[in-house]
Asks: 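One structure coming up, written as structure tokens, with questions to follow.
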Amino acid sequence: MALSYDPLWPRGGDWPAFDTRADAILLGVPTWRTSLSPTGAHATPAAIREALRRYSPTLVGPPAVDLNEVLRIADAGDVHEPDGDEGVARAIARVSELSAASRLVIALGGDNSLTYPVALGAAATGLITIDAHFDLRDGVSNGSPVRRLVEDAPEGSAIDPTRIVQIGIADFANSAAYARRAADWGIRVITLDEVRRRGIDDVIAEAVEIAGAGDAARVHLDIDVDACDRAATPGCPASVPGGFAAWELRAIVRGIAADARVVSADIAEVDATADDEDARTVRLAALCVLELLAALAERA
């Protein structure tokens with residue numbers, strides 16, 4: 001059904017193609033071929049772009065702020081076939097190019113394997129994940145990007161695990177072996193229960209301090225939407241009942257991205273082909289894009 005038109009109610013999305021510079025740049029990275037569970041995640045970047053048009057780019061304030069008026073936002077299209085060695089190389093090169101021309105690159109996945117090339121392309125020195133899972137598996141899959149950034153990255157570009165923070169790790173969604181690996185490596189794990197006990201603002205402050213440590217810090221934010229409750233995210237193959245509420249995910253995303261050391265983000269593990277009829281999962285992913293842009297606009 002066609003969306004209504006009102007010249008006084010602008011819609012999100014429909015941003016111009018990337019040219020030379022922008023404050024924020026969207027890039028589709030539709031990884032899916034190494035997913036541990038069947039997925040149609042390669043269809044998700046297009047679905048998120050379409051869902052963005054259901055929302056206004058306006059912060060109500062007061063005063064009200066139109067993100068289109070205070071930010072230069074561009075869309076760089078999609079990386080062609082980003083899976084496999086050649087695809088990963090293409091994604092790294094494209095993100096590197098866009099990072100040099102913007103303040104924030106927003107990668108639309110795709111399964112979680114996109115985190116590896118996007119973080120490398122952005123030259124990240126620290127990593128924050130919002131995820132129910134450690135993603136520390138051996139091999140190459142959507143369950144291994146965090147391990148690969150520590151162990152498999154090219155010389156000089158690996159991320160120090162003591163500058164990795166994982167928010168939302170959930171009971172009954174991981175193995176003891178990978179929990180021990182995270183502990184042995186010095187990764188800061190902030191479980192779902194700890195977030196709710198301490199509060200979002202306190203957790204965000206700790207996360208950006210750890211991941212943003214050091215001179216010239218560059219932080220990548222991985223937003224794995226399956227950290228949310230399955231009722232809110234039926235289009236995430238690995239989401240479980242009891243995860244974050246949609247509002248909690250949005251608040252964490254905006255709070256982290258408000259820090260100027262965050263230079264890139266990815267939105268992962270949404271399968272647009274498996275979503276509910278009301279497209280609630282894809283719509284939440286689109287709102288995460290807008291939260292990232294809102295945070296960028298709010299930076300001092």
Asks: Of the non-hydrogen atoms in V70 and D23, which two are nearest, and what is the gap between them?
Replies: O-OD2, 4.3 Å
Asks: If I take atom OG1 from residue T129 and atom CD1 from residue I169, how far apart are they, to the nearest 0.5 angstrom?
Replies: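 If we round to the nearest 0.5 Å, T129:OG1 and I169:CD1 are 5.5 Å apart.
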Asks: Output every pair passing side-chain hydrogen bond (donor to acceptor under 3.5 Å, both in side chains) with a member in residues 173-185, not counting sequence neighbours, ordered by first then second residue.
Replies: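 Counting only pairs at least two positions apart or across chains, the side-chain hydrogen bond (donor to acceptor under 3.5 Å, both in side chains) contacts touching residues 173-185 are D138-R181.
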Asks: Using 4.0 Å as the upper bound for N to carboxylate O, is an ion pair formed by E206 and R198?
Replies: yes
Asks: Just verifying a value: how many Å separate H80 NE2 and R90 CZ, rounded to the nearest 0.5 Å?
Replies: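 Between atom NE2 of H80 and atom CZ of R90 there are 5.5 Å.
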Asks: Specify the closest pair of heavy atoms between A268 and D222, including all atoms of both residues, with the distance to one decimal.
Replies: CB-OD1, 4.2 Å
Asks: Donor-acceptor pairs under 3.5 Å, side chain of residues 286-300 to any protein atom, not counting sequence neighbours: which ones?
Replies:
unit_1: E291; atom_1: OE1; unit_2: R254; atom_2: NE; d: 2.6
unit_1: E291; atom_1: OE1; unit_2: R254; atom_2: NH2; d: 2.9
unit_1: E291; atom_1: OE2; unit_2: R250; atom_2: NE; d: 2.8
unit_1: E291; atom_1: OE2; unit_2: R250; atom_2: NH2; d: 3.0
unit_1: E298; atom_1: OE2; unit_2: R254; atom_2: NH1; d: 3.0
unit_1: R299; atom_1: NE; unit_2: A257; atom_2: O; d: 3.0
unit_1: R299; atom_1: NH2; unit_2: A257; atom_2: O; d: 2.8
unit_1: R299; atom_1: NH2; unit_2: D259; atom_2: O; d: 3.2
unit_1: R299; atom_1: NH2; unit_2: V262; atom_2: O; d: 2.8

Asks: Under a 3.5 Å distance rule, please check whether S239 uses its side chain to pair with a backbone N or O of D226 as donor and acceptor.
Replies: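 No.
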Asks: Show your working on side-chain contact (heavy atoms from CB on, under 4.5 Å) between I106 and L108 and close with a plain yes or no.
Replies: CA-CA 6 Å; I106 302 173; L108 310 178; 4.2 Å; yes
Asks: Looking only at side-chain N and O atoms, does T31 offer a donor or acceptor that is under 3.5 Å from a partner on D111?
Replies: yes
Asks: Any Lys/Arg nitrogen of E50 or R11 sitting under 4.0 Å from an Asp/Glu carboxylate oxygen of the other?
Replies: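 Salt bridge between E50 and R11, a charged N being under 4.0 Å from a carboxylate O: no.
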Asks: Between N142 and S113, does any side-chain donor sit less than 3.5 Å from a side-chain acceptor?
Replies: no
Asks: Sub-3.5 Å donor-acceptor pair from the side chain of R72 to the main-chain atoms of S102, do we have one?
Replies: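 Answer holds: no.
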Asks: Compare all side-chain heavy atoms of P82 with those of P117 and state whether any distance is below 4.5 angstrom.
Replies: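 P82 vs P117: side chains apart.
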Asks: Any carboxylate oxygen within less than 4.0 angstrom of a Lys/Arg side-chain nitrogen, looking at D275 and R280?
Replies: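 Salt bridge: no.
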Asks: Going by side-chain hydrogen bond (donor to acceptor under 3.5 Å, both in side chains), name the residues that satisfy it together with S264, two or more places apart in sequence or in a different chain.
Replies: H220
Asks: Whether the side chain of T281 engages the backbone of V270 through a donor-acceptor N/O pair (distance < 3.5 Å, no angle test) should be reported.
Replies: no
Asks: My understanding is that only residues two or more places apart in sequence, or in another chain, count here; which of them pass ring-ring contact (aromatic ring centres under 6.0 Å, His included) with H42?
Replies: W32
Asks: V189 versus F134: any side-chain heavy-atom pair under 4.5 Å?
Replies: yes
Asks: Under 3.5 Å, side chain of T39 to main-chain N/O of S35, donor-acceptor pair present?
Replies: no
Asks: How about H133 and D135: does a side-chain donor come under 3.5 Å of a side-chain acceptor?
Replies: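 No pair is found: no donor N or O on one side chain lies under 3.5 Å from an acceptor on the other.
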Asks: What's the separation between atom CD in E97 and atom CD1 in I92, rounded to the nearest 0.5 Å?
Replies: 14.0 Å
Asks: Main chain of G168, side chain of T191: is a donor-acceptor contact present, judged purely on distance under 3.5 Å?
Replies: no
Asks: Ignoring hydrogens and angles, tell me if any N or O in the side chain of T233 forms a donor-acceptor pair with the backbone of G235 under 3.5 Å.
Replies: no
Asks: Is it true that atom CG of D85 has more than 12 heavy atoms of other residues, nucleotides or ligands lying nearer than 6.0 Å?
Replies: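 It does not: D85 CG has 12 such atoms or fewer within range.
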Asks: Return the minimal non-hydrogen interatomic distance between I187 and I164, and the atom names on each side.
Replies: CG2-O, 3.6 Å
Asks: Which pairs with one or both residues in residues 156-166 pass salt bridge (charged side-chain N to carboxylate O under 4.0 Å, His left out), sequence neighbours excluded?
Replies: none
Asks: In Å, rounded to the nearest 0.5 Å, how long is the span from CD1 of I200 to CD1 of I252?
Replies: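 Reported to 0.5 Å precision, the distance equals 4.5 Å.
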Asks: Between D78 and R49, does any NZ, NE, NH1 or NH2 come within less than 4.0 Å of an OD or OE carboxylate oxygen?
Replies: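 Looking at R49 and D78, the cut-off is met.
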Asks: Restricting to non-hydrogen atoms, name the atom on A101 and the atom on I25 that form the minimum distance, rounded to 0.1 Å.
Replies: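 It is O-CD1, 4.4 Å.
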Asks: Step by step, work out the side-chain contact (heavy atoms from CB on, under 4.5 Å) result for E81 and E86.
Replies: CA-CA 9 Å; E81 288 287 348; E86 291 183 1; over 6 Å; no
Asks: I'd like to check the ring-ring contact (aromatic ring centres under 6.0 Å, His included) partners of W15; sequence neighbours left out, ordered by chain and number.
Replies: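 Once residues adjacent in sequence are excluded, W15 has no partner under the ring-ring contact (aromatic ring centres under 6.0 Å, His included) criterion.
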Asks: Give the intermediate values and the outcome of side-chain contact (heavy atoms from CB on, under 4.5 Å) for residues S99 and V263.
Replies: CA-CA 8 Å; S99 292; V263 297; 5.9 Å; no
Asks: Output, in order, the C-alpha distance, side-chain angles, deciding distance and verdict of side-chain contact (heavy atoms from CB on, under 4.5 Å) for I130 and V253.
Replies: CA-CA 8 Å; I130 306 170; V253 168; 3.9 Å; yes
Asks: For E269 and V225, indicate whether the former's side chain and the latter's backbone hold a donor-acceptor pair under 3.5 Å.
Replies: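 Not confirmed, E269 side chain does not pair with V225 backbone.
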Asks: Over all heavy atoms of both residues, which pair between A217 and T125 is shortest? Give the atoms and the distance, please.
Replies: CA-OG1, 3.5 Å
Asks: Using modelled atom types only, decide if a donor and an acceptor are shared between the side chain of R94 and the backbone of V79 within a distance under 3.5 Å.
Replies: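 It does not hold such a pair.
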Asks: Is it true that a side-chain atom of T58 and a backbone atom of D66 form a donor plus acceptor pair closer than 3.5 Å?
Replies: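 Such a contact is absent between T58 side chain and D66 backbone.
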Asks: Could you tell me whether the side chain of T115 and the main chain of P145 form a donor-acceptor pair under 3.5 Å?
Replies: no
Asks: Return the minimal non-hydrogen interatomic distance between A251 and I204, and the atom names on each side.
Replies: O-CD1, 4.0 Å
